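Report on one structure; see the data block that follows.
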Amino acid sequence: MHPDFPKEVERLQYTKQYMDEILEASQRDIQAVQDKIKESMANLEYIDSSDSYINLLMNSRFFEMALNQKESLEAVKKKPYFARIHFQRTGEPEELLYIGKTSLFHNETFEPIIVDWRSPVANVYYDGRLGDITYPVRDEIYTGHLFSKRQYKIENGELLSFQDVDLTTNDELLQDALSGKADVRLTEIVATIQKEQNEIIRAHLKQPILVQGAAGSGKTTIALHRISYFLYTMGEHFNPEQLMILAPNKLFIEYIGDVLPELGVERICQTTYAEYVQNATGIKLKLQNPNEQLEKIVEEGIDALPSFNIAQIKGSLFYRDILDRYVKLHERTLAKLFDEDVFIEKYRIMRGSHLKKLFLEEFAYMPIEKRIERIKKVVQTEVKRKSKAVLSTLNTRYEEMIGKALSGLRDPEKRRKTVTKFIDERDARIPKIKALSKTTASTYMKRFEKVKIKQMYRKLLTDRLLIRELAPEWTFDQQERFIQAHTKEKWALEDLAALYYLHAKIKGIADNWKMRVVFIDEVQDYSLFQLEALKSGLETDMFTMVGDLAQGIHSYRSLTEWNSVLELFPRANYFTLQKSYRTTIEIMEVANTILAKMDEDLPLVEPVVRHGNEPTFVQMEELDPSKIDELYERIKQHGHQSIALICKTYQEAIHYTKQLENAGVPVELLSEQSELGGSKLLVVPSHLAKGLEFDAVIIAVFETPYFPTTIDRKLLYVALTRAMHELYLVGPREEMFLLDGTIGIVNEA
Ligand SMILES: Nc1ncnc2c1ncn2[C@@H]1O[C@H](COP(=O)(O)OP(=O)(O)OP(=O)(O)O)[C@@H](O)[C@H]1O
């Protein structure tokens, strides 16, 4: 036994005891606050007392705080901390700091009992080195000395073991974490975050970042931890509802759903691009399944794509230019309407040219319809002001004229008639002008009708003359193809960026959808224009983007390199992650042979040192349900639970599921709508497997083999890298998996 063991047990005991005390106290606080709230509520009903209202607000705030503290303490009670650093900040005494998922300070002594993993000093733990170190605190750099790092295994509040670590010791805790089981959900990894991951989690929060990370390098995990770190560091100044994480599909949102609360992240907006755009624009669309085109390409080959690839065009910055020209055209049309001046009766109240200048220059920074609203206010104010002046001038003038008539005209009849004429004229004109002054601004502004963005965009897709004007770079033939592709009203994912962009330029994004910070997972599946539209609509470049070009299975319509993204985000820091934490060395070796054949020239992935069984090829001429069942049972006997059978296409997945189901094998077809979890063999089409992971994966190929094409290599690579511990390739021949038998595969032919 380690000589420190009793001391460590004692420390854990002390921590738990203190937590209990705090919990009891907060329970009392909560009760007291609840009572106070009740009391204030009662008072509120009887007397209209603003004091009670303030009381109520204050108490609810306390209540929320007490409840939060209680909840976060309860959540970590079974494992208050996972590590300890023996540390000395320069000029301060030595300290032993215990690092956990939340912080806890002694109420009286202010001694840190647990230090939050997101706090500045905890950086020292993740940063690796022992000895003299530096770490940033806000904008300053602190120095200090790290004597030792210790990691604990605590389960159910009991200390099982601990070990001191440095760079040379094999990181047992990480090994332990990685050999664990996937429950088809991500987990938090605060105890084993690696140095290169920590750098990304804590990378400058006020700058965008782009991460190219290998399959299984922890991109999703890091993005989620960075959100947690971001909210912790920004504290109360930042409303979590203004932070958005964009996931590739609903399934994925479900997949990450459990981790966020564990990381103390609540209330952020978790959505998909399609859902967000429809919410932010208020335009509801029936979208074509974005995987349809991919499936077609997978089934019919890349030649199924026309050479004038509209999906790709709609994702390009050239498409943005077309839309910019369209907005300009609309702006010019509106500007012409300012050629008329604003009049009340014969009096000019404002010159149209002045308003036009406001519209085109001074207010140009605003979306078009917002400018119109502002100009309406300007006109209203001016009409009000000027109409008063007009009225007072007229009144004076009539008074003068009447006075002159009274004193100047000798003939009483003539005098009477003239004076009456002036009075009648005045009495008719003044109320008329008064009435006009109320309506002039809105009558004038009526000419600026609000546009319907969907209709406006649809016009672009269908109006030949418009396309000729806006896309003169295209040949006649290309312009025709563009128009013909849109004869039927169908909406694709690619149209969303355009709709959002137009909406932002013309109407502006409403405050509740104006996210200030955006996290994007699987960013390789986005087009440049999708990113540009978001960035311009939100008027921020505060994006954290993580992705892997090797998994870019939608590259026929999305990104194929990062340089253009970095040009779009010139302030962005770029990071790469090469290590895979998911797969064993043996599985990664096979996946690397496919990676090496890709056009992207990406470096091979380094698996974290963890061995497992060699991937196995099981020869089968056609799908034999009883043999699959046998294999499934065999894998389960190895202690694995989440097991997926990955097929190349969706059609195959449906087909195999039916066959297996008919033979009584417990299977479930995974689709975007499925619930994850469960104890069945999950049948997954390769493109839906992206982002997920399983203990064991069976890749089945009977009908359509993987061909040596860009897209097939990527699909296969995705399938191979889903496996954490075991991999089986099932089909008639190894070549169908683009493998030539040279690598470490056990052949069970
Ligand atoms: N530092 C770590 N400690 C323990 N586990 C880790 C660590 N980093 C990553 N993992 C685990 O590795 C697996 C892969 O992580 P994740 O899914 O975030 O990777 P990814 O880069 O998004 O993968 P992909 O691109 O293939 O979807 C997960 O099971 C995750 O919990």
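Source: prediction; values computed, not measured. The analysis underlying the following values was restricted to heavy atoms, covering all of them including side chains, and did not include hydrogens, waters or symmetry mates. In listed order, ligands and their atoms are each counted from 1.
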Hey, is [X] touching ligand 1 through its side chain, its backbone, both or neither, going by heavy atoms under 4.0 Å?
{"X": "Q551", "answer": "side chain"}
{"X": "T192", "answer": "both"}
{"X": "A214", "answer": "backbone"}
{"X": "T721", "answer": "neither"}

Relative to the heavy atoms of [X], which atoms of ligand 1 are at a distance of less than 4.0 Å?
{"X": "Q197", "value": "1 (N), 2 (C), 7 (C), 8 (N), 9 (C)"}
{"X": "S217", "value": "19 (O), 21 (O)"}
{"X": "T221", "value": "15 (O), 16 (P), 18 (O), 30 (C)"}
{"X": "A215", "value": "25 (O), 26 (O)"}
{"X": "I189", "value": "1 (N), 2 (C), 3 (N), 4 (C), 5 (N), 6 (C), 7 (C), 8 (N), 31 (O)"}

Applying ring-ring contact (aromatic ring centres under 6.0 Å, His included), can you list everything that pairs with F529, at least two apart in sequence or on another chain?
Y501

Output, in order, the C-alpha distance, side-chain angles, deciding distance and verdict of ring-ring contact (aromatic ring centres under 6.0 Å, His included) for Y125 and F87.
CA-CA 10 Å; Y125 167 70; F87 175 66; over 10 Å; no

Would you say G216 and ligand 1 have an N/O pair spaced under 3.5 Å apart?
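G216 vs ligand 1: N/O contact under 3.5 Å present.
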
Distance-only N or O hit between ligand 1 and Y255, under 3.5 Å:
no

Can you establish whether the number of heavy atoms outside K597 located under 6.0 Å from its atom NZ is more than 12?
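Yes, the 6.0 Å shell around NZ holds more than 12 heavy atoms from other groups.
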
Heavy atoms of other groups near K535 NZ, more than 12 under 6.0 Å
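Correct, the count exceeds 12.
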
Using heavy-atom distances only, which candidate in R582, M724, K690, E522 approaches atom 24 (P) of ligand 1 most closely?
R582

Does I193 have a non-hydrogen atom less than 4.0 Å from ligand 1?
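Yes, I193 has heavy atoms under 4.0 Å from ligand 1.
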
Identify the two heavy atoms, one from E561 and one from L549, that lie closest to each other, and give their separation to 0.1 Å.
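Nearest heavy atoms, E561 then L549: CA-CD1, 3.8 Å.
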
Mind checking whether [X] and [Y] have parallel, tilted or perpendicular rings, split at 30° and 60°?
{"X": "H638", "Y": "H640", "answer": "perpendicular"}
{"X": "F162", "Y": "Y152", "answer": "tilted"}
{"X": "F238", "Y": "F230", "answer": "perpendicular"}

For the rings on F252 and Y255, is their centre-to-centre separation under 6.0 Å?
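Yes - the distance between ring centres of F252 and Y255 falls below the 6.0 Å cut-off.
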
